[in-house]
2 protein chains.
Amino acid sequence: MLSRTLTFTRMGPRAGISIATRSLSGVQGKIYPSASAAVADIKDGASLSVGGFGVCGIPENLISALSKQGAKNLTCVSNNAGLDDAGLGLLLQTGQVKRMISSYVGENKHFEKLYLTGNLEVELTPQGTLAERLRAGGAGIPGFYTPTGYGTVIQEGGFPIKYKNDGSGEVEIGSKPREVKQFNGKSYVLEEAIATDYSLIKAWKGDANGNLVFRATARNFNPDCAKAGKICIAEVEELVEAGTIDPDQVHMPGIFVQRLIVGKDYSKRIEKVTVAKPKEEKEGPSAATATRDRIVKRAAKEFRDGMYVNLGIGMPTLASNYIPDGMNVVLQSENGLLGMGPYPQPGKQDCDLINAGKETVTYLASSSTFSSSDSFAMIRGQHVNLTILGAMEVAQNGDLANWIIPKKMVKGMGGAMDLVSSGNRVVVTMEHCDKKGNPKILDACTLPLTGRQCVDLLITELAVFEFDKLKGMTLIEHAEGVSVADIKAKTKANFTVSPNLRVMQG
Amino acid sequence: MLSRTLTFTRMGPRAGISIATRSLSGVQGKIYPSASAAVADIKDGASLSVGGFGVCGIPENLISALSKQGAKNLTCVSNNAGLDDAGLGLLLQTGQVKRMISSYVGENKHFEKLYLTGNLEVELTPQGTLAERLRAGGAGIPGFYTPTGYGTVIQEGGFPIKYKNDGSGEVEIGSKPREVKQFNGKSYVLEEAIATDYSLIKAWKGDANGNLVFRATARNFNPDCAKAGKICIAEVEELVEAGTIDPDQVHMPGIFVQRLIVGKDYSKRIEKVTVAKPKEEKEGPSAATATRDRIVKRAAKEFRDGMYVNLGIGMPTLASNYIPDGMNVVLQSENGLLGMGPYPQPGKQDCDLINAGKETVTYLASSSTFSSSDSFAMIRGQHVNLTILGAMEVAQNGDLANWIIPKKMVKGMGGAMDLVSSGNRVVVTMEHCDKKGNPKILDACTLPLTGRQCVDLLITELAVFEFDKLKGMTLIEHAEGVSVADIKAKTKANFTVSPNLRVMQG
């Protein structure tokens, strides 16, 4: 696949256009002299919605100014918690945050420690639900129903928001259960809007009216956060003259933006610089890569021409290397990119263009970018045809667990709960047993669920299983040289063997 | 105010960009040879969501092809029903439509007749609710809560969807009541998603991947309709090479578009050509215009610097002529335009740039365009500060009626229910009595409500009243030479007289 780079001609000054020149005093007042002036009135106990995905598209200058300003007991709504020393991680270091509402915090070790020792309140919220709750908050919708999280602790309640900080490991605050309602025979979860006192967001360009344009996947949660705040404070890389942004190309109309600053000294850190490897450098086969290769090649057999596909981090992403020539498969990355291209050539990585794994990627001719709420509208609305993702456990009824090990690993569910609840085809790729050789395919999951009865197909290095709500779990393929008895010995679940059992494809 | 015209340089071919060239067979299959080929499989009884606002941005070629194709008993979800001889009006003429789900149908006399004689089923739905229901249908959200319509027939049910066609005027099918739920002490209405078998939409440009770009206010309902259909059929004015639309400027990612045609022979009719009048042509004062002028000038006193304002059709729109010099007031038009400029110079009108009254308008330096669901997110989410609109009746408790006279006038509520339910300031401008001299300010409304206890200020040519949920209705201003007794004689409502009563401002 060839890739294209971010070198478009955009929004140049337009000759010959008459532009209104009357005084815009009310609007001119949106521009603040500095980040510190813009955040000066944020008080202790305020709630903030903060844009960014990982550290891509975060309001660096505003966060930095707020860490100096010192407001405490903040509630921060943000998909991630930054890194230990970047993004919202800065406010965690200074102890300014009382509660985080996030979907994925796996990149911040300090965060995990604060939470597990009872020194931080955390509401983990599925990524698509988080984006939609923010959008709803901005749109005057107090609540909505979603399939995401039904039958999990998110809906059932009791998830530890705060542990006691006495080392007992006891839960001090647990999450509340969500109401459930049936629509057309399917169960949905009631989620409430999130509206905050302030939004801190980052855009690429802006004008004195507050009209904003985002760049590539640095858009992500910024539009949804912007709308959810009573006072939206935006930082931009460049202030352009009012009237030079084509009205059809304004991503964020000025009505949503109350304060604007021009940011300085952007570090625009990249969490995972990934680049295309020269062919000669590609790794030779090892035992581990052979196992992965077998799984990945089999997973690639699920692709069909014209499909829109979301691939999870790790093995699922590798499946894209085996899309057959001539077959068109469009990859969706839930941080806001459709038509995801391969890793860039060395030196061509762009901090604003990453995938959901925070890896640098490229554009293709089919590419488009969009906000997080629009991204999950695609997913939840069944426009994405296929999801391939990893798992920690799969149960014989199709239950899936892959997001948390209570009291040990608190990364968060990210977009996984939304992806598996949408009703689209869900294919799980995982190693058959854990590192100690214990089965990961079980009669019932022991870990908190990501989704209930959501797996359609499970691919391991030994076997392929099909799941059906009526027929249960069926072995349909076995690896070359692996017997049904071998598979049964390593599987702690009841399954039937297909009469058409065959050797694993791929 | 100066205006700018639609002559931007956009999306030219970009030199030096490497673009993926591998075969896109699955995606190339989206392009259909003709409108008739694209709609060929639409069957009797199908449901369609159809883009457009009035006849701006309607899929002309697809509607025309469908009228020739002949599928019957269609359910059409579309904000309007076209004109008698344009847009969906064509399918009404051929008797192909069983049910319309719309917000405003006042431009189609044939429609009104079909409905009132029991030959058409109609679900009138507030414009913002309609847009959000379509968005929800596309986003996998089965239901959501909105303040719009609470305490009206929309929530209470019993609105005639179909009259008997025996001339009896009896209702054959009535609308169902909506569930109500409280959030933070306020009542909200549960509205369900709309998903359709097909979407018929119109865009400006598109590529073989189905990526689309809309133009000006021809965007309107098209994005929301596109997402709501299982099969979205788009017509575009121009097919551009894949990869030439900047990914950040794609309005509708290709994942939402299944079929694409290039439309032919666009008529792109303008419902109301409005142009700037030369100064010498402006009308002299008549009795009618003097009354209106007094109301309009007083309404303009409600503007504040930096306000975002939505003005209803008629008198409210005229208030924008009296925005004081140096004050910045940004006008929002609910069909998808912020920063609405004045009427264009003669000959400069653009069929794609209209306001909610279907009048041709212009851009300002502050302008931006957006979809209908985004427009009502601004309104419902309290980002619009002030709404000024007309009324047929106002009650002493602040109830407002302005959208229907049962069995006589069936125009629909358009965006009015959303505008008055958002909790923003609502100012009503109307003549004090009807044409026969009967009071329009009443102890209780006799017509179906637009909103309950929603009016903050009422301005007539005789008086200004303030409304408060606790204090009720208070007379605060009287016109020069009009006594309180005069006002009482023409007002069938209880009101108190402010101790600070003064002569009408403006």
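Residue numbers start from 1 in every chain, and the chains themselves are labelled A, B, ... in the order their sequence lines are given, proteins ahead of strands.
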Pick from A:N385, A:I379, A:T369, A:V250 with the largest number of heavy-atom pairs that fall under 4.5 Å of chain B: A:T369

Chain A contact via B:L338 - side chain, backbone, both or neither, heavy atoms under 4.5 Å: side chain

Among A:F183, A:F376, A:F144, residue most engaged with chain B (heavy-atom pairs, under 4.5 Å): A:F183

Portion of A:E191 that has a non-hydrogen atom of chain B nearer than 4.5 angstrom: neither

Contact origin within B:L190 toward chain A - heavy atom pairs under 4.5 Å: side chain

Which portion of B:Q258 sits near chain A, non-hydrogen atoms under 4.5 angstrom: neither

Student check: side-chain heavy atoms of B:Y308 and A:F256 closer than 4.5 Å: no

Check against side chain to side chain contact (heavy atoms under 4.5 Å, CB included), B:K227 and A:D374: CA-CA 10 Å; B:K227 294 172 185 174; A:D374 282 344; 4.0 Å; yes

Interchain contact, A:S421 with chain B, by part (heavy-atom threshold 4.5 Å): neither

Close side-chain approach of B:V384 and A:I255, heavy atoms under 4.5 Å: yes

Chain A contact via B:K186 - which portion, at a heavy-atom distance below 4.5 Å: neither

Chain B interface, residue from A:K181, A:Q332, A:R304 that has the most non-hydrogen pairs under 4.5 Å: A:K181

A:D248 and B:Q249, any side-chain heavy atoms less than 4.5 Å apart: no

Proximity breakdown for A:E179 and chain B, heavy-atom pairs closer than 4.5 Å: side chain

Minimum-distance pair of heavy atoms, taken over all atoms of A:F370 and B:P253: CD2-CG, 3.8 Å

N/O donor-acceptor pair under 3.5 Å between A:H383 side chain and B:G138 backbone: yes

Top of A:G381, A:P142, A:A377 for chain B proximity - count of heavy-atom pairs under 4.5 angstrom: A:P142

A:I141, part contacting chain B, at a heavy-atom distance under 4.5 Å: both

Separation of A:S368 OG from B:M252 CE (nearest 0.5 Å): 10.0 Å

Segment of B:S373 engaging chain A (4.5 angstrom heavy-atom cut-off): both

Options B:K230, B:Q382, B:E132, ranked by heavy-atom pairs under 4.5 Å with chain A, top entry: B:E132

Exercise: identify the closest heavy-atom pair between A:Y188 and B:G140: CE2-O, 4.4 Å

Chain A contact via B:R135 - which portion, at a heavy-atom distance below 4.5 Å: side chain

